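All values derive from a computational prediction rather than experimental measurement. Residue numbering restarts at 1 for every chain, and letters A, B, ... go by the order of the sequence lines.
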There are 2 protein chains.
Amino acid sequence: MSNQSKPVYLKLRDMIAAAIIDGRYREGEMLPSVRALAAEQGANPLTVAKAYQQFQNDGLVEVQRGVGMYVAKGAAGVLRQREREEFLKEEWPEIRERMQRLGISPAELMSDA
Amino acid sequence: MSNQSKPVYLKLRDMIAAAIIDGRYREGEMLPSVRALAAEQGANPLTVAKAYQQFQNDGLVEVQRGVGMYVAKGAAGVLRQREREEFLKEEWPEIRERMQRLGISPAELMSDA
DNA sequence: AATAGTGCATCAGTGCCATAATACAGCGCG
DNA sequence: CGCGCTGTATTATGGCACTGATGCACTATT
């Protein structure tokens with residue numbers, strides 16, 4: 001679902017958020033430059049910048065102009081907590097309702113790791 | 001998630017599909033007319049027509065020109081089966097991965113009815 | 001100073017979505 | 001027939017989000 005018709009900058013945003021939460025981008029470390037990530041992902045630098053901007057506004061990354069962007073202290077925790085609440089409050093109720101409608105029992109989903 | 005920035009015609013499509021699966025629009029029964037549903041939902045008749053069209057192409061509703069549209073026989077089953085497969089194959093893996101990342105255990109969500 | 005790397009702002013182009021205003025075509029009923 | 005209800009086709013238009021190209025401002029390094 002997330003890899004289909006979703007805007008590129010949102011896919012990038014989720015990708016970056018996941019990397020921060022998972023610790024692949026560690027706190028205090030430098031993030032990939034706009035141009036570098038753009039080249040790596042085959043996207044436009046501006047699109048990548050737009051993805052980064054969301055984190056700047058929330059203070060989750062600190063910008064040093066002419067240098068680069070760094071993961072702020074505590075960003076991983078804040079991000080995980082925020083997404084957690086968002087998931088439980090906004091997304092899960094609809095998912096649950098949908099499963100109920102489609103007759104999908106929770107048991108059959110728990111099997112694999 | 002489904003009620004946010006999604007195009008109107010897709011929201012209507014999902015709404016109608018849910019109604020058919022739940023049996024609120026029963027097989028053989030007449031669907032709300034394009035104009036009626038448009039007025040009820042505060043949407044444009046053309047947008048409603050666009051939503052209905054998806055079902056016509058799949059033969060899930062039968063059109064009697066000048067009369068109205070009827071839910072085809074077996075539409076509910078086909079629809080539920082199709083959405084079921086789509087959910088299990090496309091959506092659930094990503095949901096599961098996300099839950100894992102956020103540290104949400106499936107068990108705590110399945111409890112209530 | 002020169003250079004190359006950062007992020008950022010501005011402007012423009014493109015495509016999808018939604019709407020509007022009509023007009024047309026088929027059916028049922030009085 | 002005449003009226004009113006169906007769905008459908010056409011064309012045009014405005015809005016909005018996404019994407020993109022270019023150039024500028026800033027910093028570190030040499």
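- The distance from the CG atom of A:L79 to the CG atom of A:D22 is 10.5 Å, given to the nearest 0.5 Å.
- Going from atom CD1 of A:I20 over to atom CZ of A:R80 covers 11.5 Å, rounded to the nearest 0.5 Å.
- Checking B:V67 against A:T47, the closest nucleotide of DNA chain D that is more toward the 5' end is the one next to B:V67.
- Residue A:K50 places at least one side-chain N or O closer than 4.0 Å to OP1 or OP2 of D:dC18.
- Going from atom CD of A:E62 over to atom CD of A:E27 covers 10.5 Å, rounded to the nearest 0.5 Å.
- Taking side-chain N and O atoms only, B:S33 has no distance below 4.0 Å to OP1 or OP2 of D:dC5.
- Rounded to whole Å, the distance from NZ on B:K11 to P on C:dC16 is 19 Å.
- Between A:Q64 and the phosphate of D:dA28, there is no side-chain N or O to OP1/OP2 separation shorter than 4.0 Å.
- For A:V8 and A:R65, each mapped to the nucleotide of DNA chain D holding its nearest heavy atom, the one lying further toward the 5' end belongs to A:V8.
- Comparing C:dG7, D:dT8, C:dC17 by their nearest atom to the side chain of B:Y9 picks out C:dC17.
- Remark: C1' of C:dC16 and NZ of B:K6 are 16 Å apart, rounded to the nearest angstrom.
- Here C:dT19 is the nucleotide among D:dT8, C:dT19, C:dC17 with the atom lying nearest to any side-chain atom of B:L46.
- For C:dG7, neither phosphate oxygen OP1 nor OP2 lies less than 4.0 angstrom from any side-chain nitrogen or oxygen of A:Y52.
- Considering only side-chain N and O atoms, A:N44 lies under 4.0 angstrom from the phosphate OP1 or OP2 of D:dA21.
- Note: A:L102 CG to B:L88 CG = 8.0 Å, rounded to the nearest 0.5 Å.
- Scanning atom types as modelled, no donor and acceptor separated by under 3.5 angstrom connect the side chain of A:R35 and the base of C:dG5.
- In this structure, CZ in A:R101 is found 6.5 Å from CD1 in B:I21, a value given to the nearest 0.5 Å.
- A straight line from CG of A:N57 to C1' of C:dG7 spans 14 Å, rounded to a whole angstrom.
- Between B:S5 and D:dA17, a side-chain N or O to OP1/OP2 separation shorter than 4.0 Å is absent.
- Taking only side-chain nitrogens and oxygens, B:Q53 never comes nearer than 4.0 Å to OP1 or OP2 of D:dG7.
- Spacing between atom CD of B:Q41 and atom P of C:dT19 amounts to 12 Å, rounded to whole angstrom units.
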